[in-house]
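This structure is a prediction, so every number in the text was calculated from the model and none was measured.
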Amino acid sequence: GHYRRASALHGEVGNRLDMADAELGLGAVARLQARYEEAAGHYRRASALHGEVGNRRGMADAELGLGEVARYQARYEEAAGHYRRASALH
């Protein structure tokens, strides 16, 4: 899809921020399609990439995504931890 192509293209030019945003998009799509492990992987990669460039807002968005994945799987304590980390990053 478009997010995958965008992620690959941005990786070639080394644009970490755009790569991270593409990973967030991929995570959201996978989450909405109930592909939760795949979604979590995208959110973790997004968080790491945002962390590399010091973008706390992006890291928070990734934590929110991880929280949603956990909540959709009825892992409420785990979800709460992600939401707390997201709040601390804002």
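Between atom CZ of residue Arg45 and atom CE of residue Met19 there is a gap of 9.5 Å, rounded to the nearest 0.5 Å. The line from CD of Glu38 to CG of Leu26 is 7.5 Å long, rounded to the nearest 0.5 Å. Going from atom CD of Glu63 over to atom CZ of Arg84 covers 11.5 Å, rounded to the nearest 0.5 Å.
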*Tell me, with the steps shown, if Tyr83 and Glu68 meet side chain to side chain donor-acceptor pair (under 3.5 Å).*
CA-CA 9 Å; Tyr83 295 142; Glu68 290 296 280; 2.3 Å; yes
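Linking Ile, Leu, Val, Met, Phe, Trp and Tyr whenever their side-chain heavy atoms come within less than 4.5 Å puts Tyr72 and Leu24 in one cluster.
For residues 53-62, the side-chain hydrogen bond (donor to acceptor under 3.5 Å, both in side chains) pairs, not counting sequence neighbours, are His50-Asn55.
Pairing each heavy atom of Ala46 with each of Ala20, the nearest pair is CB-O, 3.6 Å. Heavy atoms only, all atoms of each residue included: Tyr36 and Gln73 are closest at CB-NE2, 3.4 Å. The minimum heavy-atom distance linking Ala79 with Gly67 is given by the pair CB-O, 3.4 Å.
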